[in-house]
Protein chains: 2
Amino acid sequence: MESRLKVTIKDVAREAGCGIATASRVLNNSGPASAEVRERVETAARDLGFSFSAIGRALQGGRSMTIGCLVPSLANPVFAEAVQGVQDALSGSGYQLLIASSNYDGDADNEAIATLAAKEVDGLIVTMVAPERSATLKQARRRGLPVSLMFHDPIDGFLTAHVDNFQAAREVARRFADLGHRHTAFLSLRFSSSDRSRNRYAGFHAECRARDLPDPALIELGEAEANTPELLAEILASLGELTAIFASNDFLAIAVQKAARLMGKSVPHDLSVIGFDGIEIGRLLDAPLATIETAPNAIGRQAAQTLLEMMQGKACMQRPPLPFDFRAGATLARPRTESCDDDQGATWPPSVHSLKTDLKQG
Amino acid sequence: MESRLKVTIKDVAREAGCGIATASRVLNNSGPASAEVRERVETAARDLGFSFSAIGRALQGGRSMTIGCLVPSLANPVFAEAVQGVQDALSGSGYQLLIASSNYDGDADNEAIATLAAKEVDGLIVTMVAPERSATLKQARRRGLPVSLMFHDPIDGFLTAHVDNFQAAREVARRFADLGHRHTAFLSLRFSSSDRSRNRYAGFHAECRARDLPDPALIELGEAEANTPELLAEILASLGELTAIFASNDFLAIAVQKAARLMGKSVPHDLSVIGFDGIEIGRLLDAPLATIETAPNAIGRQAAQTLLEMMQGKACMQRPPLPFDFRAGATLARPRTESCDDDQGATWPPSVHSLKTDLKQG
DNA sequence: TTGTACGCGTTATCAG
DNA sequence: CTGATAACGCGTACAA
């Protein structure tokens with residue numbers, strides 16, 4: 001029952017019969033101490049179950065050894081994996097992770113950053129609704145707080161770990177176009193509040209233009225439509241001659257399949273679908289999902305590594321975007337109207353799982 | 001360019017021409033102050049961009065306003081959602097979340113708890129490999145640190161937010177048995193290191209026994225087999241006359257479907273599958289997955305609420321397990337050998353999505 | 001080699 | 001109503 005709620009270095013010093021400075025030196029191996037007193041201090045510390053107070057240390061040392069991390073939501077496995085990647089990169093560094101989530105709300109974003117800053121985190125790893133417009137974020141940086149972004153494209157001199165959404169989306173358009181699709185749509189949740197979605201649409205649109213194809217339809221879904229296949233089916237039905245859909249994430253892509261089934265439409269023969277993110281589950285579906293495969297964990301790791309370097313005072317440069325893969329799948333085929341002799345889902349050779357895309361910029 | 005790295009209450013006081021105590025009282029609304037000085041302090045604080053240091057406060061107040069949370073991995077959406085649930089419950093409480101993950105390693109678990117304790121968190125929310133054997137965890141509690149468990153069944157007087165794995169597994173056995181399945185198996189990852197898996201097997205086994213059915217086969221998969229449908233197919237093939245599989249989580253259940261397809265077996269006609277967790281994606285599959293639906297978010301919320309109450313000094317009691325639902329799906333049917341006239345996947349009426357189970361204890 | 005004393009930012013106490 | 005001061009736990013000059 002030796003349950004003193006807090007045992008401090010003072011207690012250790014008293015128990016060991018020495019000054020607190022000596023105890024500190026011994027326990028930190030940070031200075032001279034006779035073998036004898038060293039022994040006494042160590043046993044005292046062990047007996048009392050002493051451990052340093054990170055708070056005392058932070059106050060005195062000016063560093064909290066804590067990193068703040070803000071993401072929209074951990075319920076989205078992409079962000080959850082990224083945070084796990086951050087953890088992986090931080091493990092062994094001595095830094096702890098303080099997390100916050102905003103539920104995709106821009107005001108909550110700013111509040112969260114302010115809160116994290118008040119906790120005196122030593123650095124910030126952030127995915128938020130609108131970093132380019134967040135005065136709070138810029139102020140934090142101006143105050144000397146290192147900031148590392150995740151998922152965002154480079155902005156305002158912030159360093160970011162990301163995939164090139166624009167190029168990835170062009171790749172999607174290319175895949176559709178090569179198979180003969182002309183009438184396409186881009187499907188997204190929260191289009192207006194996500195720079196990722198906007199950049200994906202921009203790339204998709206640009207590549208369609210470059211090929212003299214009709215502009216893709218832009219469909220922004222609410223949560224309700226996204227989670228209710230019946231509603232989604234209605235929306236799709238109202239769109240007429242569509243043969244291919246680029247879904248801004250894999251969950252949406254799977255929802256599209258479900259909706260198509262409800263409509264009696266066949267994927268991929270009546271409707272081709274390509275997703276985004278490359279979540280593991282897409283591989284395991286009856287009709288493995290064609291998608292752009294990204295590595296959220298790697299994004300988190302890179303963001304954390306960048307931050308660690310910034311905190312060491314190194315001059316850091318923006319790294320090139322992380323690679324994405326186009327993952328072939330059974331949800332992609334030629335449109336039915338273009339060719340009738342070759343529509344048994346032919347474009348998916350099960351042996352080839354993904355093709356690395358070359359990232360020629362521009 | 002007013003970029004003093006730290007602006008403290010001292011700076012505010014000097015700027016406002018008053019003592020720091022007065023500044024503190026004004027900024028905290030914690031005592032008397034003349035309207036005039038109040039004004040001066042507030043503008044000074046605003047001008048300087050002052051915000052309180054959580055560290056200084058923690059040191060003086062003895063509370064860090066931080067809660068430590070340990071989970072095996074955020075890459076598992078079940079835990080990620082639970083942590084999000086914790087966040088949800090904590091939002092507005094003033095507490096911040098310090099997270100750690102152990103990657104399912106028991107030693108890392110203990111280390112993480114020690115680290116969180118050193119950060120002087122005000123409470124702990126924990127899912128770990130073996131809480132019942134963790135001296136570190138018990139020591140933390142003995143030191144007066146409130147602890148709230150997630151997912152674990154009640155042990156050692158720890159309060160926990162959980163579903164009754166044993167009863168849920170019995171429900172699965174009942175569903176199989178009612179359809180006429182006799183030869184079943186339980187499929188799990190990390191069986192030996194997860195009390196959840198063990199309890200699920202125990203319940204499954206117990207109910208089979210109670211019905212004079214053969215004991216279910218117990219299959220523990222490595223990561224490799226779980227992620228490689230070909231390997232999983234081999235394992236299933238070697239098991240012979242199996243007609244039904246209870247997978248310890250939905251990902252495994254989906255992997256089983258994939259493997260069955262590879263073997264040319266039909267789900268559910270040759271093999272019925274029931275999963276566990278009830279991840280959203282299961283609903284959207286071609287063959288919606290029959291599963292035990294749990295609510296990880298609710299588990300996180302309950303754990304956090306319990307912890308908040310403990311920290312308020314309230315006497316808390318173990319709450320009853322959170323409810324689980326059996327979610328019907330297209331992966332469950334009578335075994336082929338038992339009845340030949342009724343095997344068009346009949347047991348899944350799409351209108352009825354889930355049936356609430358009654359939680360008679362025992 | 002050792003111990004005393006100060007400062008980190010905050011709040012609470014207490015005397016003015 | 002106000003402000004000086006002690007205390008929280010720690011590291012570290014500096015003095016012994």
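The structure presented is a predicted model; accordingly, all values stated were derived computationally and were not measured. Residue numbers start from 1 in every chain, and the chains themselves are labelled A, B, ... in the order their sequence lines are given, proteins ahead of strands.
Of the possible donor and acceptor atoms, one in the side chain of Thr115(B) sits under 3.5 Å from a partner among the backbone N and O of Glu111(B). Within the 3.5 Å criterion, the main-chain N or O of His152(A) finds a donor-acceptor partner in the side chain of Thr160(A). Although no hydrogens or angles enter the test, the distance criterion places no donor-acceptor pair under 3.5 Å between the side chain of Asp105(B) and the main chain of Ser102(B). Within the 3.5 Å criterion, the main-chain N or O of Ala130(A) finds no donor-acceptor partner in the side chain of Ser134(A).
Rounded to whole angstrom, the span from the CZ atom of Phe52(A) across to the C1' atom of dG9(D) amounts to 10 Å. Between Lys119(B) atom NZ and dC10(D) atom C1' there is a gap of 14 Å when expressed in whole angstrom units. In this structure, the CG atom of Leu59(B) is 12 Å from the P atom of dT11(C), given to the nearest Å. Distance, Arg14(B) CZ to dG9(C) C1': 14 Å, rounded to whole Å. Going from atom CD1 of Ile55(B) over to atom P of dT11(C) covers 14 Å, rounded to whole Å.
With sequence neighbours excluded, no residue forms a salt bridge (charged side-chain N to carboxylate O under 4.0 Å, His left out) with Lys10(B). Partners of Arg198(B) according to the salt bridge (charged side-chain N to carboxylate O under 4.0 Å, His left out) rule, which considers only residues two or more places apart in sequence or in another chain, do not exist here. By the salt bridge (charged side-chain N to carboxylate O under 4.0 Å, His left out) test, Arg40(B) pairs with Glu36(B), sequence neighbours left out.
Rounded to the nearest 0.5 Å, atoms CG (Asp122(A)) and CE (Met311(A)) are 6.0 Å apart. One finds the CG atom of Asn76(A) at 9.5 Å from the CD atom of Glu81(A) (value rounded to the nearest 0.5 Å).
Ser34(B) has a side-chain polar atom (N or O) that falls below the 4.0 Å cut-off from OP1 or OP2 of dT2(D). Taking 4.0 angstrom as the limit, Lys10(B) places a side-chain polar atom (N or O) nearer than this to OP1 or OP2 of dC8(C).
For DNA chain D, none of the residues of residues 61-68 of chain A falls under the heavy-atom distance limit of 4.0 Å. Taking a 4.0 Å limit (strictly below) on heavy-atom distances, residues 20-29 of chain A reaches DNA chain C at Ile20(A), Ala21(A), Thr22(A), Arg25(A).
Base contact: Gly56(B) has a heavy atom under 4.0 Å from a base atom. Backbone-only contact: Ile9(A) has heavy atoms under 4.0 Å from sugar-phosphate atoms and none from a base.
Scanning DNA chain D for stems, defined as runs of 3 or more consecutive Watson-Crick or G-U wobble pairs whose donor-acceptor distances all fall under 3.5 Å, gives the following ranges: C:1-16 with D:1-16.
Below the 3.5 angstrom threshold, one finds a donor paired with an acceptor across the side chain of Gln60(A) and the base of dG7(C).
A salt bridge between Glu309(B) and Arg319(B) is present, with a side-chain N of the basic residue lying under 4.0 Å from a carboxylate O of the acidic one. Taking a cutoff of 4.0 Å between a charged side-chain nitrogen and a carboxylate oxygen, Arg25(A) and Glu42(A) do not qualify as a salt bridge.
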